[in-house]
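One is the number of the first residue; the rest follow in order along the sequence.
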Amino acid sequence: MKVEAGYSTGTKKGEVMSLKMPRGRRVLIYAVAMLLSAGVLCPLFAQRANKTTPRPGDEPYTPTKLEWATVELQANDGNTNYTSDSPVMISFVAQPDGQTVLCILQYTPEVPAHVVKINRDASRYAFNKYRTSRGWDWLRLKFDEHVISR
């Protein structure tokens, strides 16, 4: 029996056993090897690509709490589309004082005052709920209303 690299081949003297294994095991080993190489090589290629082709939008940026508040309020409670079902446009904008969110209400002259009030009250309620959920007692809300023409 010939021994190579510390393993017995189980063959007669002078013979070398071939590495035959069931097809399922070969497929499994091949799949694992591919996954491991993809997991190691893909991130390396991605890092190299990012280093050679920097893009302005990829620069890291951390928003302030005030900026983050306006983004979340606008996404959740803002309304930039004027429709008959929603005749008041609502926008949230950060103010330069670092603590105030300006809520701009825009509507046409035909919108009844009670509809504007409902929207103002709903915006105030959403703001207060957001401020409480974040624990940001320093955050302030200011309203600005504009009558616009169609």
Assigning hydrophobic clusters by single linkage (Ile, Leu, Val, Met, Phe, Trp, Tyr; side-chain heavy-atom cutoff under 4.5 Å), is Phe143 placed with Leu73?
yes

Is Trp138 reachable from Phe92 through a run of I, L, V, M, F, W or Y residues, each pair having side-chain heavy atoms under 4.5 Å apart?
yes

Ser91 versus Gln74: any side-chain heavy-atom pair under 4.5 Å?
yes

Same cluster (ILVMFWY, side-chain, under 4.5 Å), Val71 and Tyr130
no

Would the number of heavy atoms belonging to other residues, nucleotides or ligands and lying under 6.0 Å from CH2 of Trp68 be above 12?
no

Mind checking the NZ-CD spacing from Lys65 to Gln99? Nearest 0.5 Å is all I need.
13.0 Å

Would you indicate whether Tyr125, at its atom OH, is surrounded by more than 12 heavy atoms from other residues, nucleotides or ligands within a distance under 6.0 Å?
no

Report yes or no: does Arg131 contribute a side-chain atom to a donor-acceptor pair with the main-chain N or O of Leu139 at less than 3.5 Å?
yes

Are the side chains of Pro87 and Tyr82 in touch, meaning some heavy atoms are under 4.5 Å apart?
yes

Between Thr70 (side chain only) and Glu67 (backbone N and O only), is there a donor and an acceptor less than 3.5 Å apart?
yes

Atom CG in Asn119, atom CZ in Arg124: separation rounded to 0.5 Å?
12.5 Å

Same apolar cluster (I L V M F W Y, side chains within < 4.5 Å links), Val93/Ile90
no

For Glu59 and Pro56, indicate whether the former's side chain and the latter's backbone hold a donor-acceptor pair under 3.5 Å.
no

Give, for atom CD1 of Ile104 and atom OG1 of Thr80, the distance between the pair rounded to the nearest 0.5 Å.
12.0 Å

Common cluster, Val115/Tyr107, ILVMFWY with side-chain heavy-atom separation under 4.5 Å
yes

Has Asp144 got a side-chain atom pairing as donor or acceptor with Leu105's backbone, closer than 3.5 angstrom?
no

Val101 side chain reached by Leu66 side chain, heavy atoms, under 4.5 Å:
yes

Does the Ser86 side chain pair with the main chain of Thr83, one donor and one acceptor, at a distance under 3.5 Å?
no

